[in-house]
Student: 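Mind looking over this structure? Questions follow.
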Protein chains: 2
Amino acid sequence: MKDRISAYDVAEKAGVSQSTVSRVLNNYPFMKETTRQKVLTAIEELGFTRDEIARSLASKKTRTIGLILGDITNPFFSESAKVITRKAQEMDYNVILCNTNHSEENLNKYIQTLMGKRVDGIIIASADKDNQKIKELYDKGFPIILYNSIMEHDHANYIAVNNYKGAQLAVEHLYHFNHREISYIAGPSKYVTTHLRNLGFKDALDKFGLKMNEKFIYDREFSYDEVYLFAKNLLNQQIRPTSFFASSDQMALAVLDAAASVGISVPDQLSVIGFDDIDLAKNQFIGLTTITQPKEKMAMLTLEKLVGLIEEKEHVDAPIQIVLEPELISRKTTGIYKP
Amino acid sequence: MKDRISAYDVAEKAGVSQSTVSRVLNNYPFMKETTRQKVLTAIEELGFTRDEIARSLASKKTRTIGLILGDITNPFFSESAKVITRKAQEMDYNVILCNTNHSEENLNKYIQTLMGKRVDGIIIASADKDNQKIKELYDKGFPIILYNSIMEHDHANYIAVNNYKGAQLAVEHLYHFNHREISYIAGPSKYVTTHLRNLGFKDALDKFGLKMNEKFIYDREFSYDEVYLFAKNLLNQQIRPTSFFASSDQMALAVLDAAASVGISVPDQLSVIGFDDIDLAKNQFIGLTTITQPKEKMAMLTLEKLVGLIEEKEHVDAPIQIVLEPELISRKTTGIYKP
DNA sequence: CTGTTAGCGCATTCAG
DNA sequence: CTGAATGCGCTAACAG
C-alpha cells in the first residue's frame, strides 16, 4: 500500500495552505469560490479522503456511537439495530456493534473499549439493572441511553415499553381464552424489564384469582436451548400448562419448537404468546400471537435523543425517560382452551 | 464531563516520563519491575484509560474492521455477524457494522466511510459482482475479504460455499420427490453467488430433462414483500408450481408465508426448500428443508484470514479463494408430490 | 477571505 | 532500563 495522501499534498497541488483545504472539507462558507474550486479539483485528482482518525483526535468528536446488545441473532435486536444503523447513517454517524451474549462481563468490557475508542455516545439494549458503569457514565454526563432497558436507580436515560402492562395484556388474553394453567418464560430478573414483566404477570394472576405454579416459571438465562429443554420437559409431565407466555418472541419460538418435538399441536392443545412482535411473528405460516413493542419508533427516538445529547449536551437537567405503550396482537398460536 | 486523564497525568503521578507509561501500556518487557508497578498503581488510582484514537493516529492501526452486509435482519447475516464479532473480540478487534439494504450505492458509501475511519480491514458480505471499489482496494493490497460473495474478475479474496452445487442439490431433492414444476426464487443476478446458483439450477433442470418456466422464476431484488407477492400470485394461478426453491431461507419463509395466506398446506400441497440453514430452519415447528452453508466455519475462516492479511501483509502473492461444500438437510417442508 | 501556529494524546526513534 | 524529542493528519483560534 502506497502512502496516504494528506491534506498537505492537496494544499500543495492547489497552491493554498493546508487550513484552506480543511475549510473546504468542512464547508466553511466564507471563501472565494475560485479557491474552493481549486481545492476541490486537487482533491478529485489526487483521490484524497480525509483521515477521520486525525480529525477525531483534533476535534474530539468521532461521529461514532456504540450499540451494545444482548444477541444480534434475536430478531428483536437485529430489527432494532437495522433501524438504528439506518438512522445513524442519515445523521452521519457510524455504529460499532457489540454483542454481549447477555454477559455483564462482556458488557463492561465493551463499555470500556467503546470509551477508549472515544465514541460520542452509547446505546445499551441489555443492561443489568444495577450496572455501575452505566451509572458512572450517566453521572459524568456522558451521552448514554438505554434501549428497552431500565435501571434500578434513576441515574439513566431510557426508552422502553410498559413491560408491566405488556405482561398483563398477555395474561388477560390467555385468561379470556379460558387458560388457567399458564407457564411463564420469564428470563432472569437481573433485568428490570423482565422484572417488571414478572410483576405484571403476577399481578394479573392475582387479579383473576389464579395461583402461580412455581414449576411453570422459567427464570434463568435467555438461552434458546435451555428454554427449549424446559418447555419440553414441562410438556412431558402429567400435569402440564395449557399455555405459555414467553417474554420474547425468540423464546416463544423455542416453546413452539419444543411443542412440535413432543407432538403437541398449537393452538389446539397448547397456546403460546410471545413478546416483541418480531417480523417473523407476522408470517402467516407461524402467526405468533404476541405483545408489540413499537420497535421502529423506539429505535428512532433512541437515536434522536442520543444525538440530541451528543450535539447539545448543555441541558442534561432531567433524565430522558420515555415509556411507550404495548399492544396485544392475536394471531394463530393462541386459542380457546377446551378441556 | 471533566477533562480526560492523559498518559502525562499518569507519568507525573508516577514520577516517570510519558514514554515509560506508554511502555507499560504496551507490555514492553525490558523494564524494572518497580517502575512498572509505580505506573500501574498510578493508572489504577487515576482510572486512566488510553485514548485509542490518539494511539491509532500514532501507530497507524485502529484494530477495527468493517463488516458490510446486505441486511442484518436476515438471520443468515446476523448469525454470521455474531460469529464474526465474537471472534473479533477474542482477537482484540472491534467491528463497525454497515447495513447496505442491498444497495450498491450504500455499499460504496460505506467503503468510503470505513476507509476514512482507517479500519484495518473490511469484510463484505453482499458485493455486486463488478464492484470497482473492491477491486481497487484489493489491487492496492488493502486487507479485504468477501464473505459468501464472489467477483466476476479475479481481483478479490473470498470465502464462499459451492453455490452451483447447492442449487443442484436442491433440484435433485425436489426431483426425487417427484416435483416437475419448480418455481425458483433466484434473486438478482448482479451477485455472482446467485448467478452461480442460477446456473446450478438450470443445469440440474437440463440433467433431468426438465423445462424451465420463465414465469416461475423470480429474479428481482431480495425483498421479503416482493417475494411474498410473487409467490402468492403464482399460487393463485390455475397452473402453479408444485414446489419452490428459494435461494435464501429468508425468502423461503416468505414463500411459506404466501402459501399460508392462500390456504395451501406445506408439504402436502407444496414443497419448499431454502438455502442457508438459518437457526430457525431447525425449529421443529417450522422444519425448513434447506441447503446448509457452514456459516460458523466460513465466518471463523474469514476473520482469521483477514487478520492474517492485516497483521502480516507481506505475502499477498495469491488471492485467498476458498470454497466450502454445501449439504442438503431434509426436514418438514418438502414431501413427495402426489398429483 | 486565507495563512500561521499550536495542539489533540499517544508511539516511536534516539540518546544516555 | 528510561527520558527527551518528534510527528501522526487534522482542527481551531489568531492574525492579517
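These figures come from a predicted structure and were not determined experimentally. Chain letters run A, B, ... following the sequence lines, proteins first, then strands; residues in each count from 1.
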Student: For the helix from C:dC1-D:dG16 to C:dG16-D:dC1, figure out the bend between the end axes, five pairs an end, and round to 10 degrees.
Tutor: 40°
Student: CD of A:E52 versus P of D:dC10: gap in Å, rounded?
Tutor: 9 Å
Student: Using whole Å, report how far CG of A:D9 lies from C1' of D:dC10.
Tutor: 13 Å
Student: Between A:N26 and B:P29, which is nearer to the 5' end of DNA chain D once each is assigned its nearest nucleotide?
Tutor: B:P29
Student: To the nearest Å, how far apart are A:L25 CG and D:dT11 P?
Tutor: 6 Å
Student: Looking at A:T20, does any N or O in its side chain come under 4.0 Å of the phosphate oxygens OP1/OP2 on C:dT2?
Tutor: no
Student: To the nearest Å, give me how far apart CZ (A:R23) and P (D:dC10) are.
Tutor: 15 Å
Student: Taking N or O atoms only and anything under 3.5 Å, show me the protein contacts with nucleotides 5-9 of chain C, one pair per line.
Tutor:
{"unit_1": "C:dC8", "atom_1": "O3'", "unit_2": "A:K60", "atom_2": "NZ", "d": "3.4"}
{"unit_1": "C:dC8", "atom_1": "O2", "unit_2": "A:A58", "atom_2": "N", "d": "3.4"}
{"unit_1": "C:dG9", "atom_1": "OP1", "unit_2": "A:K60", "atom_2": "NZ", "d": "3.0"}
{"unit_1": "C:dG9", "atom_1": "N2", "unit_2": "B:A54", "atom_2": "O", "d": "3.4"}

Student: Rounded to whole Å, how long is the line connecting atom CZ of B:F30 with atom P of D:dT2?
Tutor: 13 Å
Student: If you look at every heavy atom in B:I96 and A:V95, which pair is closest and at what distance?
Tutor: CG2-O, 3.5 Å
Student: Scan B:V21 against the nucleic acid and name what it touches under 4.0 Å (heavy atoms): base, sugar-phosphate only, or nothing.
Tutor: nothing
Student: Indicate whether OP1 or OP2 belonging to C:dA11 is found under 4.0 Å from a side-chain N or O atom of B:S22.
Tutor: yes
Student: In terms of the angle between their ring planes, are A:F222 and A:H102 parallel, tilted or perpendicular, with boundaries placed at 30° and 60°?
Tutor: tilted
Student: Calculate the interatomic distance between B:R63 atom CZ and C:dC10 atom P; express it in whole Å.
Tutor: 17 Å
Student: How long is the line joining OH of B:Y28 and P of D:dT2, in whole Å?
Tutor: 9 Å
Student: Measuring from A:K135:NZ to A:Q132:CD, what's the distance to the nearest 0.5 Å?
Tutor: 5.5 Å
Student: Are A:R36 and A:E33 ion-paired here, with the side-chain N under 4.0 Å from a carboxylate O?
Tutor: yes
Student: Got a sec, which residues hit side chain to side chain contact (heavy atoms under 4.5 Å, CB included) with A:E12, two or more places apart in sequence or on another chain?
Tutor: none
Student: Within the 4.0 Å heavy-atom criterion, would you say A:T35 contacts the bases, only the backbone, or no part of the nucleic acid?
Tutor: sugar-phosphate
Student: Please identify which of these residues, A:R63, A:K305, A:K61, meets the salt bridge (Lys or Arg N to Asp or Glu O under 4.0 Å) condition with A:E311.
Tutor: A:R63
Student: Is it true that the side chains of B:N108 and B:N131 contain a donor and an acceptor less than 3.5 Å apart?
Tutor: yes
Student: Distance check needed: C:dA11 C1' versus B:N27 CG, whole Å only.
Tutor: 14 Å
Student: Between B:R55 and B:E52, is there a side-chain N and carboxylate O pair less than 4.0 Å apart?
Tutor: yes
Student: So, applying salt bridge (Lys or Arg N to Asp or Glu O under 4.0 Å) with B:E296, which one of B:R86, B:K87, B:K82 is it?
Tutor: B:R86
